[in-house]
Chemist: 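Questions regarding the structure given below will be posed in turn.
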There are 2 protein chains.
Amino acid sequence: MDDLSKYGIVSALQAIGGKWKPHILFILLEKGTKRFGELRRLMPEITQGMLTQQLRELEKDGLVTRVVYQEIPPRVEYSLSTHGKSLEHILREMCAWGFTHEEFKKMDKYASENG
Amino acid sequence: MDDLSKYGIVSALQAIGGKWKPHILFILLEKGTKRFGELRRLMPEITQGMLTQQLRELEKDGLVTRVVYQEIPPRVEYSLSTHGKSLEHILREMCAWGFTHEEFKKMDKYASENG
DNA sequence: CGGGATCCCTTACGATACTG
DNA sequence: CAGTATCGTAAGGGATCCCG
């Protein structure tokens, strides 16, 4: 690994970073194909506009596949692309590290409060 | 992995995300202990203030160890803590995935431009 | 149902000047 | 040398309204 390592990680962070993308990716990873409305129900805090925007970015990055069914009422389904699924291992590792990090911070706080 | 997976990843992203932290972590990972001025020279684009802020946050998160030598002129050395080193595997995987992602985007662009 | 458009706020980031 | 303080800008995120 050379001095340009950072560029790879910057690209990765742009693809999966932000407030909502990890959550969306995990849902599609764990639960498979979902409609727009289902995603909204699974993420009650997100607004319609933000969900649309995040899905568009994930689609543009090739991580999520969007399928539109020309029906009345309209139906749109989202799923992970093959490329998106290649993130599974890294997402799970980040998740695991994050949990140990939370534990570490609690212990660290305890240590600093009690010597 | 349950529905709360996202929390781990949010914690991880807060610890290593942002414009500068990955670069700082990679430098300390690859080159070992560095003084403040050395870090500045290795990252010419960052301002003093930002470097200080990012290092403080990394230190607060327990990823980076800061050692002050009471000398004139002052000397301060930064290095990865044991906990910080536990990020090595994940950082390298993110970096590798990021590079393949860049290649994917180029191919995807080519495909969309040429059928 | 699944959006798009607009406006607003907060946070991240950055430039500059000053200091023990 | 290794910071701190202040101020300004850019980007991310959010509320609301409208639409085929």
Chemist: Could you check Pro74(A) against Gly49(A) and say which one's nearest nucleotide on DNA chain C is further toward the 5' end?
Modeler: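 This one resolves to Pro74(A).
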Chemist: Please tell me which of Gln48(B) and Arg56(A) maps to the more 5' nucleotide of DNA chain C, matching each residue to the nucleotide holding its nearest heavy atom.
Modeler: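 Result of the comparison: Arg56(A).
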Chemist: With no hydrogens and no angle check, do the side chains of Glu102(B) and Ser11(A) hold a donor and an acceptor under 3.5 Å apart?
Modeler: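 There is such a pair between these side chains.
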Chemist: What does Tyr78(A) touch in the nucleic acid at a heavy-atom separation under 4.0 angstrom: a base, only the sugar-phosphate, or nothing?
Modeler: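 It contacts sugar-phosphate atoms only.
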Chemist: Across the strands shown, which category fits Arg75(B) at heavy-atom distances under 4.0 angstrom: base, sugar-phosphate, nothing?
Modeler: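 Sugar-phosphate contact only.
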Chemist: Kindly say if Trp20(B) contacts the phosphate of dG14(C), meaning a side-chain N or O under 4.0 Å from OP1 or OP2.
Modeler: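 Yes, because at least one side-chain N or O of Trp20(B) sits under 4.0 Å from OP1 or OP2 of dG14(C).
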Chemist: Would one find a side-chain N or O of Arg40(B) under 4.0 angstrom from OP1 or OP2 of dC1(D)?
Modeler: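 The answer is no; no side-chain N or O of Arg40(B) sits under 4.0 Å from OP1 or OP2.
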Chemist: Hey, does the side chain of Lys19(A) come within less than 4.0 Å of dT11(C)'s phosphate (OP1/OP2), counting only N and O?
Modeler: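 It does not, given that no N or O in the side chain of Lys19(A) lies less than 4.0 Å from OP1 or OP2 of dT11(C).
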Chemist: So that I can tick it off, tell me whether Glu30(B) and Arg92(B) are bridged by a salt bridge, with the cut-off set at under 4.0 angstrom between side-chain N and carboxylate O.
Modeler: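 A salt bridge links Arg92(B) with Glu30(B).
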Chemist: Counting heavy atoms from C-beta on, name the nucleotide in dA15(C), dG2(C), dG4(C) closest to the side chain of Phe36(A).
Modeler: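 Ranking dA15(C), dG2(C), dG4(C) by closest atom to the Phe36(A) side chain puts dG2(C) first.
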Chemist: How close or far is atom C1' of dC13(C) from atom NE2 of His23(B), stated in whole angstroms?
Modeler: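 For the pair His23(B) NE2 and dC13(C) C1', the rounded distance is 17 Å.
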Chemist: Over how many whole Å does the gap from Glu38(A) atom CD to dG3(C) atom P extend?
Modeler: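 After rounding, the reported distance stands at 13 Å.
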Chemist: Figure out the CD1/P separation between Ile72(B) and dT19(C), and round it to whole Å.
Modeler: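 So the two atoms are 17 Å apart, to the nearest Å.
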Chemist: Between P on dG8(D) and CE on Met50(B), what's the gap in Å once rounded to a whole number?
Modeler: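 Those two atoms, CE and P, are 19 Å apart.
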Chemist: Under 4.0 Å from OP1 or OP2 of dC1(D): is there any side-chain N or O of Arg35(B) that close?
Modeler: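 No, no such contact exists.
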Chemist: Establish, with yes or no, whether the OP1 or OP2 oxygen of dG2(C) is under 4.0 angstrom from a side-chain nitrogen or oxygen of Arg41(A).
Modeler: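 So the side chain of Arg41(A) is outside the cut-off, no N or O lying under 4.0 Å from OP1 or OP2 of dG2(C).
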Chemist: Rounded off to whole Å, could you give me the CD1-to-C1' distance for the Ile46(B) and dG14(C) pair?
Modeler: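 Those two atoms, CD1 and C1', are 10 Å apart.
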Chemist: Looking at side-chain heavy atoms only, is the closest gap between Val64(A) and Ser79(A) below 4.5 Å?
Modeler: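 Answer no - side chains too far apart.
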Chemist: If you check every side-chain atom of Gln54(A), which of dG13(D), dG3(C), dG14(C) has the closest atom?
Modeler: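 The answer is dG13(D), which lies nearest to the side chain.
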Chemist: Leu51(B) CG to dA15(C) P: how many Å, rounded?
Modeler: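 My rounded result for the distance is 14 Å.
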Chemist: Taking atom P of dC1(C) as reference, at what distance in whole Å does atom CG of Leu55(A) sit?
Modeler: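 Going from Leu55(A) (CG) to dC1(C) (P), I get 17 Å.
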Chemist: Rounded to whole Å, how long is the line connecting atom CD of Glu45(B) with atom C1' of dA15(C)?
Modeler: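 Spelled out: CD on Glu45(B) to C1' on dA15(C) is 15 Å.
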Chemist: Using a strict cut-off of less than 4.0 Å between a Lys/Arg side-chain nitrogen and an Asp/Glu carboxylate oxygen, indicate whether Glu57(A) and Lys21(A) qualify as a salt bridge.
Modeler: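 Judged by the 4.0 Å cut-off on N to carboxylate O distance, Glu57(A) and Lys21(A) do form a salt bridge.
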Chemist: Using the six-membered ring wherever Trp is involved, compare the ring planes of His89(A) and His89(B) and label them parallel, tilted or perpendicular (cut-offs 30° and 60°).
Modeler: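 Because their plane-to-plane angle is over 60°, the rings of His89(A) and His89(B) count as perpendicular.
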